[in-house]
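Beneath this line is the structure, given in structure tokens, with notes to follow.
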Amino acid sequence: MTEQKVPGSELYTDEFAADPYPAYARLREEAPVCPVSSRRFDSYLITRFEDAKAALTDSRLSKDLYGPDKHYIRIFGPNSEGLNRNMLNSDPPEHTRLRKIVSQAFAPRRIEALRPRVAEIVDNLLDKIVPHGQAELMHDFAIPLPMMVICELLGIPETDHDRVLGWTQVIRTSGSSGRPPEEERAAVQEAQLQLTHYLTDLVRVKREHPADDMISALIESSEHGGNLSESELVPTTFLLLFAGHQTTADFLGNATVALLTNPDQLELLHADPELLPSAIEELLRFDGPLPVASPRIAMEDLEYQGVCIPRGSIVGVVINAANHDPEQFAEPDRLDFRRERGPHIGFGHGVHYCLGVSLARMEARIGIGALLRRLPDLRLAVPAAELRRLPAASPFRGLLELPVVFRA
Ligand code: HEM
């Protein structure tokens with residue numbers, strides 16, 4: 001077996017944050033299974049498409065972070081149970097049980113019924129933007145759209161949206177405030193604590209006053225043989241809240257930049273709006289918001305591409321590198337809405353495949369469709385290279401700000 005050299009120096013730099021794809025290409029070529037150290041933890045990165053798919057369904061790679069070995073401590077820190085002990089961090093059969101309960105509450109009927117409301121939220125946000133001729137699209141559009149949708153779906157009262165958004169944004173933008181790391185960590189822990197208290201209180205209120213929303217549905221299923229314990233309600237709600245807006249917000253931002261920096265594809269979409277569903281999938285393949293799948297743990301010594309991944313190692317499946325693998329996608333670094341639709345893994349693969357995929361697609365199609373229709377001459381207000389991004393070590397790929405201009 002061969003030990004690969006660590007090309008770590010090129011990962012987690014500002015240059016990497018601006019454009020990680022050249023570094024991913026080198027990893028795929030030279031070190032497709034590569035040990036790396038980030039500010040957060042040491043891990044093995046898997047970057048080729050076929051390996052990524054295999055790893056995401058490899059039962060020797062566990063997501064059971066809260067089992068007896070307490071792997072969560074290395075990943076989320078010691079006090080993370082209250083928010084993160086949820087389906088994403090568990091294995092079957094635990095995962096199967098948790099996912100089944102949420103899937104019921106997440107029934108396609110409930111999601112489809114949201115369509116007019118999603119369109120209304122999009123229109124209201126754009127109504128506020130259109131007269132000004134300029135906007136900061138992350139804060140004016142990409143973040144509030146999925147945030148409002150998931151809050152309404154869960155049943156988080158509108159008067160609390162700003163507070164909740166404040167906490168989730170501290171978690172999302174961690175590492176970008178310019179403050180010393182200890183201060184930053186303390187701020188994230190404080191936000192997590194506040195959010196835990198808030199969601200715990202909300203679950204209590206919903207138990208006493210059930211409404212037609214998802215938290216009430218989860219409570220009901222926990223009380224009527226649905227087998228969701230009290231202590232699982234808050235982390236499950238947190239997962240839906242966080243996964244439900246963070247990824248979609250970053251996707252809307254990344255997708256807009258990709259469109260504005262690929263005028264031929266933008267023109268194509270203007271000329272043929274029917275292409276929108278394929279365009280959304282291609283935009284997700286091209287620059288997805290979750291560059292690395294959530295951490296897996298090697299339950300035994302594993303071998304991928306001749307590299308030994310020792311038992312206990314953290315493994316990161318690099319979704320965005322796999323989605324640019326030339327073995328799977330011809331000219332992978334080219335945005336091409338007419339591309340033969342090869343299956344990307346932007347929504348994951350295997351048992352943890354994104355539970356919110358229908359909602360995410362609906363929001364993206366309605367949101368991007370309306371943005372292009374109502375702001376047809378949309379342009380970046382600064383050169384793409386100057387856009388402020390989440391730091392390279394962030395688990396998310398997204399923008400801190402997206403300044404744009406257009407004809408009012
Ligand atoms: C463009 C937007 C989105 C993207 C790119 C995305 C991507 C993903 C990916 C890659 C995973 C698998 C993670 C892994 O295996 O480590 C995942 C899981 C998940 N996503 Fe999404 N997601 C998006 C939107 C949403 C929305 C709107 C929701 C709604 C609540 C949601 C809820 C979830 C949940 C609950 C899981 C965990 C599923 C499980 O563990 O079985 N996601 N998502």
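Note: hydrogens, waters and symmetry copies are ignored here, and every other heavy atom, side chains too, is used. The shown structure was predicted, so the numbers you read here are calculated from the model rather than taken from an experiment. Numbering of ligands and ligand atoms starts at 1, following listing order.
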- Just going by heavy-atom distances, which of H95, H352, R99 is nearest to atom 12 (C) of ligand 1?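 Answer by nearest heavy atom: H352.
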- Mark the output for V351 as yes if a heavy-atom distance to ligand 1 is under 4.0 Å, and as no if none is. yes
- Close approach, P289 and ligand 1, non-hydrogen under 4.0 angstrom: yes
- Message: Tell me whether E300 contacts the main-chain N or O of R311 through its side chain, where contact means a donor paired with an acceptor under 3.5 Å.
- Response: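 No; zero donor-acceptor contacts below 3.5 Å.
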- Query: Within the side chain of T236, is there an N or O that forms a donor-acceptor pair under 3.5 Å with the backbone of E232?
  - Reply: yes
- Would you mind telling me if ligand 1 is within reach of the side chain of R296, the backbone, both or neither, using heavy atoms under 4.0 Å?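 Just the side chain.
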- Query: Which part of H245 is near ligand 1, with near meaning a heavy atom under 4.0 Å away: side chain, backbone, both or neither?
  - Reply: neither
With atoms numbered from 1 as shown, which atoms in ligand 1 lie under 4.0 angstrom from a non-hydrogen atom of [X]?
| X | value |
| --- | --- |
| L239 | 35 (C) |
| A293 | 16 (O) |
| I319 | 10 (C) |

- Message: Suppose we measure from atom 13 (C) of ligand 1 to each protein heavy atom; which comes out shortest, and what is that distance?
- Response: L88 CD1, 4.0 Å
- Query: Of the protein's non-hydrogen atoms, which lies at the shortest distance from atom 16 (O) of ligand 1, and what is that distance?
  - Reply: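 Ranking protein heavy atoms by distance from atom 16 (O) of ligand 1, first comes S294 OG, 2.5 Å.
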- Give a yes or no on whether D377 atom CG has more than 12 heavy-atom contacts from other residues, nucleotides or ligands under 6.0 Å away.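 Yes.
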- Query: For E29, does the CD atom have more than 12 heavy-atom neighbours from other residues, nucleotides or ligands under 6.0 Å away?
  - Reply: no
- Hey, which protein N/O/S atoms does atom 21 (Fe) of ligand 1 have under 2.8 Å? C354 SG
- Can you see which heavy atom on H352 is nearest to which on H95, and at what distance? CE1-CD2, 3.2 Å
- Distance only, no hydrogens: is a donor on one side chain within 3.5 Å (strictly under) of an acceptor on the other, for E120 and N124?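 No, because no side-chain N or O of E120 sits under 3.5 Å from a partner of the opposite role on N124.
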- Task: Would you give the length of the straight line joining atom CD1 of I280 to atom CZ of R365, rounded to the nearest 0.5 angstrom?
- Result: 7.5 Å
- Item | Side-chain heavy-atom pair E363, V149 within 4.5 angstrom cut-off | yes
